[in-house]
Protein chains: 2
Amino acid sequence: MAVTIKDVAALAGVSPSTVSRTCKNNPSISEETKERVRRAMAELGYEPNFQASNLAAQISRSIGIILPPSPKETYENSFYLETIRGISHYCNAHQYISTIVTGQNEEEILNAVRSMSRSGKVNGFIVLYSRVNDPVIDFLFSEGLLYILIGKPAQYTNHTIYIDNDNLLAGQEATEYLYALGHRKIAYLGVDNSLVFSADRKTGYMTALISHGLTVQPEYCIEVPAASQNEFQELRKLLLREERPTAVLVSDDILALSLERICIEADISIPEDLSILSFNNSLFARLTSPQLTSIDINSGQLGMEAATQMISHIENPSLPATKIIVPHQLIERDSCRRI
Amino acid sequence: MAVTIKDVAALAGVSPSTVSRTCKNNPSISEETKERVRRAMAELGYEPNFQASNLAAQISRSIGIILPPSPKETYENSFYLETIRGISHYCNAHQYISTIVTGQNEEEILNAVRSMSRSGKVNGFIVLYSRVNDPVIDFLFSEGLLYILIGKPAQYTNHTIYIDNDNLLAGQEATEYLYALGHRKIAYLGVDNSLVFSADRKTGYMTALISHGLTVQPEYCIEVPAASQNEFQELRKLLLREERPTAVLVSDDILALSLERICIEADISIPEDLSILSFNNSLFARLTSPQLTSIDINSGQLGMEAATQMISHIENPSLPATKIIVPHQLIERDSCRRI
DNA sequence: CTGAAAGCGCTTACAG
DNA sequence: CTGAAAGCGCTTACAG
């Protein structure tokens, strides 16, 4: 077996209690004793047993990460892995564990969540998406479980800890950027509006238009649910209209790729005939030709902040529900032109 | 507090031992008793405490997932998240936990691995990549830790449990496919050859050429390390040569996107002037124009099989080192033409 | 400043 | 077929 607290205690000539207290740097232990214990720990390569420590302290030091229940496509978005890396990195450094909860549908997710909380596998959940009417959130909330949202809550807002970008502002700034380049006919292309981030970016877009006295035309706001990524009829129609837009704000890089493809097919060149500005600044913004101007949302930091909040709330349950906004920045490339 | 084994025992009128045995469906307990205990468990919504159960059984029921230590780019490949989902899904269903080990460099990874195994946080590691001379593998092996490789081992092959596609065969079949379409000038474009999967696909490619009496030309085999994805000089030169290839086999879809971009810039049209066949069949194979013919490698299944193997090896350490090959399939789209 | 002891919620050899 | 008891490796009130 591995080395235990007793081995260390024996070598340092103290009791197990003293070793345990030294590990948590308890101020009631004298520096000399601590030093002696630390030497013994180093010599033996001791690390406290995770399960035993957790059981005694009545904590699990584990966090569940909930992915959206959905078809394969969604996960192609590198946002998820970047966020997960942010969470994992912070957890690794703080002696916590994080585990991914995934399933084909809400039923599976719900079962996993229920089982994980009942068995004490996990002390809280980080939810990697936010959409309206989400049964997973309803369940977490109604069971009184600790959860943190990445994205803006669609419900229980005031009681929810969440980490988000200011998507409203980002949408507004993006639109302003296009406006400043001389564009007046600006369209918005987004995924499913039940996803809060896309709805927010769109609201920012509309706010900016209105503030410049432009009218928001319904035909200029197109929604493409992830499921039907093959049907872009409405979008094609828009691009072939007499009054077609000179610029499109797109809710993410992957969708922008689809838009580019349609443009190529329709012989519309970018940025000469159409400017494109998108979100996420993933690798794909750099792989297209021309490279996309895109808004970086710092996914890794979103994850890291979420983990930070989670750990403080686990260790200090009386903390109030914090809201954290992670900054975004516009990365200029070659897909927008001045007109 | 949550409901414990004692609560269930009291309600069912048995001892805690009996409840515990019922949970594991121990055959020595009579069916009638089991039934009674099960009713009590259901009534109370009991699930065994994960930490306590693990501590008593001297197991952690947790698996570490090791991501390659590297710059951001790598993770844009949806292969990783798909594989992680496969692992997680299986773990969720089998009362195991999986946690991601990540770091900026090998040093960080090694520290995390060391800490996790010493503290008993984790019973084994699944390594999501395989490259030559990997210090992480060296460490795992020399410490005698349980690990499973996704990909073909570059060392300790005979002692390693691994899950892989038959990348050699896949590379060969892909080349055969192009050959059958009439192509004779076929190039190979791959990432860093120290990554085993890419080297294997290339070997398959060469094998196929040779079997048809074609010579393998060094200028036709181009290697683009991930770090320098902006420098495609060699590739550009190849595409502009008199004797330029009519088809390129590419080690993954993301790299194929770059190739497409270069072709657009060089006014080479696909598939008229150049056929492209790539690997992974990610979403991006469908987002390009034309859509890419690509070889699906079933990443989710790779993960699932890895988790399956891991759990059986944890629960039965005397099992021999299994090797599992997950099938691939070629998905025909529009990027290859007959000449 | 330090230690002995009880307890966290299970599992499992042992006894019957 | 079932139970009492010891033990997994820690933590932490309590006592000194």
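In the text below, chain A, chain B and the rest are named by the order of the sequence lines, each starting its count at 1.
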**Request:** For B/Thr83, check side-chain hydrogen bond (donor to acceptor under 3.5 Å, both in side chains) against everything at least two apart and list the hits.
**Result:**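 Applying side-chain hydrogen bond (donor to acceptor under 3.5 Å, both in side chains) to B/Thr83 gives none.
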
**For A/Thr322, all residues meeting side-chain hydrogen bond (donor to acceptor under 3.5 Å, both in side chains), sequence neighbours excluded** =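 Scan of A/Thr322 (side-chain hydrogen bond (donor to acceptor under 3.5 Å, both in side chains), adjacent residues dropped) gives A/Gln309.
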
Can you tell me if [X] and [Y] form a side-chain donor-acceptor pair at under 3.5 Å?
X	Y	answer
B/Thr4	B/Lys6	no
B/Glu82	B/Ser299	no
A/Lys121	B/Gln51	no

So what does [X] touch, heavy atoms closer than 4.0 Å: a base, only the sugar-phosphate, or nothing?
X	value
B/Lys6	nothing
A/Ser53	sugar-phosphate
B/Phe50	nothing

**Item:** Test salt bridge (Lys or Arg N to Asp or Glu O under 4.0 Å) applied to A/Glu106 - qualifying residues, sequence neighbours left out
**Value:**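 Counting only residues at least two positions away or on another chain, A/Glu106 forms no salt bridge (Lys or Arg N to Asp or Glu O under 4.0 Å).
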
**Asked** Is the distance from OP1 or OP2 of C/dG9 to the nearest side-chain N or O of A/Gln58 less than 4.0 Å?
**Response**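 Checking C/dG9 against A/Gln58, a side-chain N or O does come within under 4.0 Å of OP1 or OP2.
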
**Asked** So, is B/Tyr46 near the phosphate of C/dC10, with a side-chain N or O under 4.0 Å from OP1 or OP2?
**Response**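 Checking C/dC10 against B/Tyr46, a side-chain N or O does come within under 4.0 Å of OP1 or OP2.
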
**Message:** Side chain of B/Ala52, heavy atoms from C-beta onward: which of C/dT12, C/dG9, C/dT2 has the nearest atom to it?
**Reply:**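 Side chain of B/Ala52 sits closest to C/dG9.
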
**Prompt:** Which listed nucleotide (C/dT11, C/dC10, C/dG7) is nearest to the side chain of B/Ala57?
**Reply:**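 Shortest atom-to-atom distance from the side chain points to C/dT11.
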
**Asked** Which residue lies toward the 5' end of DNA chain D, A/Pro48 or B/Asn26, if each is placed at its nearest nucleotide?
**Response**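 Whichever sits nearer the 5' end wins; that is B/Asn26.
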
Quick one: [X] [atom1] to [N] [atom2], roughly how many Å, whole number?
X	N	atom1	atom2	value
A/Arg61	D/dG9	CZ	C1'	13 Å
A/Met41	D/dC10	CE	C1'	14 Å
A/Leu55	C/dC10	CG	P	9 Å
A/Ile5	D/dG9	CD1	P	11 Å
A/Gln51	D/dG7	CD	C1'	16 Å
A/Asp7	D/dC10	CG	C1'	13 Å
B/Lys24	C/dG9	NZ	P	16 Å
B/Asn54	D/dC8	CG	C1'	11 Å

**Asked** Listed by chain and number, what are the ring-ring contact (aromatic ring centres under 6.0 Å, His included) partners of A/Tyr90, not counting sequence neighbours?
**Response**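 For A/Tyr90, the residues satisfying ring-ring contact (aromatic ring centres under 6.0 Å, His included) (neighbours in sequence not counted) are A/His94.
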
What pairs of donor and acceptor atoms, side-chain ones from residues 16-23 of chain A against any protein atom, are under 3.5 angstrom apart with sequence neighbours left out?
unit_1  : atom_1 : unit_2  : atom_2 : d
A/Thr18 : OG1    : A/Ser15 : OG     : 3.3
A/Thr22 : OG1    : A/Thr18 : O      : 2.7

**Message:** Requiring both pairing distances under 3.5 angstrom, list the stems that contain DNA chain D and are made of three or more consecutive Watson-Crick or G-U pairs.
**Reply:**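 Stems for DNA chain D, defined as runs of 3 or more consecutive pairs: C:1-3 with D:14-16, C:5-12 with D:5-12, C:14-16 with D:1-3.
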
**Prompt:** Quick one: side-chain hydrogen bond (donor to acceptor under 3.5 Å, both in side chains) pairs with a partner in residues 35-46 of chain B, sequence neighbours left out?
**Reply:**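 Output for this query lists B/Asn25-B/Arg38.
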
**salt bridge (Lys or Arg N to Asp or Glu O under 4.0 Å) pairs, two or more places apart, involving residues 147-156 of chain A** =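 The answer is A/Lys152-A/Asp200.
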
**Item:** Selection residues 141-162 of chain A - residue pairs positive for ring-ring contact (aromatic ring centres under 6.0 Å, His included), sequence neighbours left out
**Value:**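 Residue pairs passing ring-ring contact (aromatic ring centres under 6.0 Å, His included), neighbours aside: A/Phe141-A/Tyr156.
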
**Message:** Checking B/Ser88 now: which residues fulfil side-chain contact (heavy atoms from CB on, under 4.5 Å) with it, not counting sequence neighbours?
**Reply:**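 Expected list: A/Ile100, A/Thr102, B/Ile84, B/Ser98.
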
**Request:** List in numerical order all residues of residues 30-38 of chain B for which some heavy atom is under 4.0 Å away from an atom belonging to DNA chain D.
**Result:**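 Going residue by residue through residues 30-38 of chain B, the ones with a heavy atom under 4.0 Å of DNA chain D turn out to be B/Ser30, B/Thr33.
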
**Item:** Proximity to DNA chain C (any heavy atom under 4.0 Å), residues of residues 13-21 of chain B only
**Value:**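 By residue number: B/Ser17, B/Ser20, B/Arg21.
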
